Number of protein chains: 2
Amino acid sequence: MHQVLEQHIRAKLGTDTAGLEEVISYFQPLELKRNDYLLREGELCRSCYFIVNGVIQVFTIDAVGNETTRDFILEEHWLMEINSFLQQVPSKEFFRAAEPSQVLCISREHFMDLSARFPQFEKMYRQILELSYANSVYRINSFVSMDALERLRWMMDHQPKLFTRLSSKMIASYLGISPETYTRLKGKL
Amino acid sequence: MHQVLEQHIRAKLGTDTAGLEEVISYFQPLELKRNDYLLREGELCRSCYFIVNGVIQVFTIDAVGNETTRDFILEEHWLMEINSFLQQVPSKEFFRAAEPSQVLCISREHFMDLSARFPQFEKMYRQILELSYANSVYRINSFVSMDALERLRWMMDHQPKLFTRLSSKMIASYLGISPETYTRLKGKL
DNA sequence: GATGGCTCTTGATAAATGTCAATATTTTAC
DNA sequence: GTAAAATATTGACATTTATCAAGAGCCATC
């Protein structure tokens, strides 16, 4: 597992990777079965996660029990509940494996410590934030400006992998629509 | 104008503000009238903006000419089209003053240079990203999990200032609904 | 202070989407 | 391998939201 992370970091940072071995040593491997949770609503997000393989569903549950998905995080991507992680307030979100997944996790304390001690680690953290924010800008615009069918087409164009790996129910919850509506939209493509 | 920025940065970074004078010297003041543009679709985002006072509307225009608002940026907040700024690809968004506004802008080149030379500046940039990303997480969840009336109530609870400063038309476009629907929802509160 | 152009509201209607129920299909657990 | 559970589809209907049109209110400009 750690080799995947090492490759990932080298690809992000280039040649200047002083301290890389120490950085990597703080990451603990986790093996998740399908439907195992990394984080539940109400808990504090005490770790940052790197997905080695698998998919993590980031979702909330509303008052009547509906699950709605903010994001799916695939392998070689990073994951945290940023509000809970930074301010140590209870998480509003759940993180759950949508497939059997391998994850490397680093505690908030080690993460902060590495950020402070290794400029290159902070730089990588900044890049993670840039990418996460850039993606969320697209996603917000898709909700503000598109109807459900347009969002589905956008998803097919830009995130086709998700369709091969997730149930219809989950895709519907990512699009912000009911499973029935999703079934019907597929007929209109 | 620069004093506001200086106060803002000191508040963010605390005592260690070496280089602050030089940092601030790279920011150019801009005076915007209502409806002046900072950025248009198709242009490259060549600057990062700090709003001293006023409101900037961040919006897109779809194929049939509808304006939809991703965000409103108020005074003492930061603004960039992150995809265009980082990768120098054409912007998909417009930035336009919704009120007469005062803005400080720094070129991409100076911004990158300061990030590389002053760790504290990079730290502040990271904090801007953290805040922007955290806010966008809330906004995505509001679209995935709430209907229009719930989004309106959420906005009243969490961003009441916007109602005092923006037209109904703009608020509707921020909620992702038509002006007529917004009028009707107000009657249901 | 009139004029024209916005914005806001209201009504009528259409389109999109949700809910509920029934059935078919697939997956999971033993 | 089979039973049970979860998922996916389909139909009927309800609710939400958009669109179009008309009129009222507001405000910028001359």
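Since we're looking at a predicted model, the values are computed, not measured. Just so it is clear: chains get the letters A, B, ... in the order the sequence lines come, proteins before strands, and each one is counted from 1.
Note on B/K186: every side-chain N or O is 4.0 Å or more away from OP1 and OP2 of C/dC8. When the side-chain nitrogen and oxygen atoms of B/S167 are compared with OP1 and OP2 of C/dT7, none of them lie within a distance under 4.0 Å. Between A/S168 and D/dT7 there is no side-chain polar atom (N or O) within less than 4.0 angstrom of OP1 or OP2. Regarding contacts with the backbone of D/dT9, a side-chain N or O of A/T183 is found under 4.0 angstrom from either OP1 or OP2.
The separation between B/I177 atom CD1 and C/dT17 atom C1' is 16 Å, rounded to whole Å. Here the P atom of nucleotide C/dA15 and the CE atom of A/M146 are 23 Å apart, to the nearest Å. For the pair A/F143 CZ and D/dT17 C1', the interatomic distance rounds to 16 Å; values are reported in whole Å. In this structure, the CG atom of A/L175 is 11 Å from the P atom of C/dT17, given to the nearest Å. Whole-Å rounding puts the A/Y182 OH to C/dG18 P distance at 14 Å.
Side-chain proximity of A/K188 to D/dA18, D/dG11, C/dA16: nearest is C/dA16. Of the candidate nucleotides C/dT17, D/dT19, D/dT17, D/dT19 has the atom lying nearest to any side-chain atom of B/E180. In the set C/dC8, D/dT17, D/dA21, D/dT17 carries the atom at the smallest distance from any side-chain atom of B/L185.
The pair B/E130-B/R126 counts as a salt bridge, with a side-chain nitrogen and a carboxylate oxygen less than 4.0 angstrom apart.
Under the 6.0 Å cut-off for aromatic ring centres, B/F121 and B/F111 qualify, their centroids lying closer than that.
Note on B/R34: nothing from the nucleic acid sits closer than 4.0 angstrom, heavy atoms only. A/G187 comes within 4.0 angstrom of nothing in the nucleic acid, heavy atoms only. The residue A/S178 sits close to a base: some heavy atom pair falls under 4.0 Å.
Cation-pi check for A/R139 over B/F143 is not met; the charged atom does not lie both under 6.0 angstrom from the ring centroid and within 45 degrees of its normal.
Under 3.5 Å, the side chain of B/R184 and the base of D/dT19 form at least one donor-acceptor pair of N or O atoms.
Counting non-hydrogen atoms of neighbouring residues, nucleotides and ligands closer than 6.0 angstrom, the NZ atom of B/K186 exceeds 12 such neighbours.
In this structure, CE on B/M170 lies 6.0 Å from CZ on B/F72, to the nearest 0.5 angstrom.
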